[in-house]
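Structure below; questions to follow.
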Amino acid sequence: SAERRAASRSMSAAGSVTKTISITTDPINIRSLYVAVSGRAEATNDGGEIWQTWTPGAGTVISTAPIAAGTYGLFGLSNGKLMYTADFLLTAPTEAHDFGSQIDCIWVNEVNPDRVTVGLANGQVHITNNMTAIASSTWTQLADFASAVLWIEESFSTQGQYRIAMGNQVLLTHDSFATTGELVNFGADIAQAHALTEHR
């Protein structure tokens, strides 16, 4: 019948394919991840199969860089301390700097992982160009705003070009905050991070 022929055609189109991945011959890409969650730090170097956890004795973990630097990870604390790990939290992280104000956001330059910028709850923006010197790294204040800096990112191709979210604004600078312009104003809403990837 016509119904049986239609059912037969439908069934003949079904199927499945199984592929075996060889760990020794097929390339496997595994991401290194750093996460700030529930006041603690989490890190994995095997794509999430095993996580290491660190809870600070004072303060809470507020932020981490959204892009892993590869050889190290950073965590920003509520008490202003910037913590550095080079072994995915297998051992307790090292204090790299104390800003004295909550670290709301961290940005690691995608081309130069020694170049790190942080945004603070007191509105300040600071930068270092020798992050891997850890506690000996030197920091320069780039800006001092009236509102907390909730998100910051620097262009991978143009050093000094930043977008930051603070208050209800997203600001843009091409000269490391010597001058800034308003890119977006969200009115009554708070600017977080969702509008910042347009320049990438």
Side-chain angles (χ1 to χ4, degrees), residues 23 27-135 137 139 147-156 162-166 170 189-200:
I23 295 177
I28 298 176
N29 296 320
I30 297 175
R31 292 193 64 185
S32 300
L33 300 172
Y34 302 93
V35 179
V37 57
S38 298
R40 67 181 185 273
E42 303 264 355
T44 177
N45 65 345
D46 59 11
E49 185 173 345
I50 297 174
W51 289 86
Q52 305 296 332
T53 300
W54 175 74
T55 302
T60 58
V61 180
I62 299 295
S63 57
T64 188
I67 300 173
T71 58
Y72 72 87
L74 297 170
F75 295 97
L77 273 58
S78 60
N79 58 10
K81 296 184 186 298
L82 182 67
M83 307 304 292
Y84 180 105
T85 177
D87 61 6
F88 299 94
L89 299 176
L90 284 171
T91 58
T94 301
E95 182 180 328
H97 196 76
D98 186 351
F99 293 98
S101 177
Q102 178 171 295
I103 303 171
D104 282 336
C105 50
I106 304 167
W107 185 260
V108 178
N109 186 279
E110 294 160 272
V111 176
N112 178 10
D114 247 338
R115 184 176 171 89
V116 175
T117 312
V118 300
L120 307 181
N122 66 5
Q124 293 179 1
V125 176
H126 294 257
I127 188 171
T128 184
N129 283 293
N130 62 336
M131 186 66 252
T132 51
I134 315 175
S137 58
W139 291 85
S147 299
V149 179
L150 300 178
W151 191 264
I152 188 166
E153 66 177 47
E154 184 181 32
S155 168
F156 69 90
Y162 289 94
R163 295 185 186 207
I164 69 166
M166 51 177 291
V170 174
D189 296 322
I190 296 175
Q192 299 285 349
H194 52 277
L196 297 181
T197 55
E198 296 173 2
H199 74 302
R200 303 185 62 67

For the rings on Trp54 and Phe75, is their centre-to-centre separation under 6.0 Å? no
List for me each residue that meets salt bridge (Lys or Arg N to Asp or Glu O under 4.0 Å) alongside Asp98, sequence neighbours excluded, and say none if there are none. Lys81
Residues forming a side chain to side chain contact (heavy atoms under 4.5 Å, CB included) with Asn45, sequence neighbours excluded: Ser32, Phe88
Pair Asp104-Ile62, side chain to side chain contact (heavy atoms under 4.5 Å, CB included): steps then yes or no: CA-CA 6 Å; Asp104 282 336; Ile62 299 295; 4.1 Å; yes
With rounding to the nearest 0.5 angstrom, report the CG to CG distance, Asp114 to Asn112. 5.5 Å
Taking atom CG of Leu82 and atom CZ of Phe99, what is their separation to the nearest 0.5 Å? 5.5 Å
Check the side chains of Glu95 and His97 for a donor-acceptor pair under 3.5 angstrom, ignoring hydrogens and angles. no
Can you confirm whether Met83 sits close enough to Leu74 that some side-chain heavy atom of one is under 4.5 Å from a side-chain heavy atom of the other? no
Could you report the tightest heavy-atom contact between Gly39 and Pro56, atom names first, then the distance? O-CD, 3.6 Å
Sub-3.5 Å donor-acceptor pair from the side chain of Ser78 to the main-chain atoms of Thr60, do we have one? yes
Compute whether any side-chain donor of one residue and acceptor of the other, for Ser137 and Trp139, lie under 3.5 angstrom apart. yes
Between Leu120 and His126, is any pair of side-chain heavy atoms under 4.5 Å apart? yes
Find the distance between CD1 (Ile164) and CE (Met166) and round it off to the nearest 0.5 Å. 5.5 Å
Considering all heavy atoms, the nearest Pro113-Met131 contact: O-CB, 4.2 Å
For the residue pair Thr117 / Glu154, report whether a side-chain donor-acceptor contact shorter than 3.5 Å exists. no
Locate the shortest heavy-atom distance separating Arg40 from Thr55; write the atom from each residue and the value. CB-OG1, 3.6 Å
Ignoring hydrogens and angles, tell me if any N or O in the side chain of Asp46 forms a donor-acceptor pair with the backbone of Ile50 under 3.5 Å. yes
For the OG atom of Ser63 and the CH2 atom of Trp107, what is their distance to the nearest 0.5 Å? 13.5 Å
Chi angles and distances behind the side chain to side chain contact (heavy atoms under 4.5 Å, CB included) call for Trp51, Val35: CA-CA 10 Å; Trp51 289 86; Val35 179; 3.8 Å; yes
Which pairs pass salt bridge (charged side-chain N to carboxylate O under 4.0 Å, His left out) with one or both residues in residues 116-133, sequence neighbours excluded? none
Please work out which of the three classes, parallel, tilted or perpendicular, describes the rings of Tyr84 and Tyr72, given edges at 30° and 60°. parallel
CG of Leu150 to CD1 of Ile152: how many Å apart, nearest 0.5 Å? 11.5 Å
Search all heavy atoms of Val149 against all heavy atoms of Gln124 and return the closest pair with its distance. CG2-O, 4.1 Å
Would Asp87 and Thr85 count as a side chain to side chain donor-acceptor pair (under 3.5 Å) if you check the C-alpha gap in whole Å, the side-chain angles of each, and the deciding distance to 0.1 Å? CA-CA 6 Å; Asp87 61 6; Thr85 177; 3.2 Å; yes
Residue pair Ala65 / Val108: nearest heavy atoms and the distance that separates them: CB-CG2, 3.7 Å
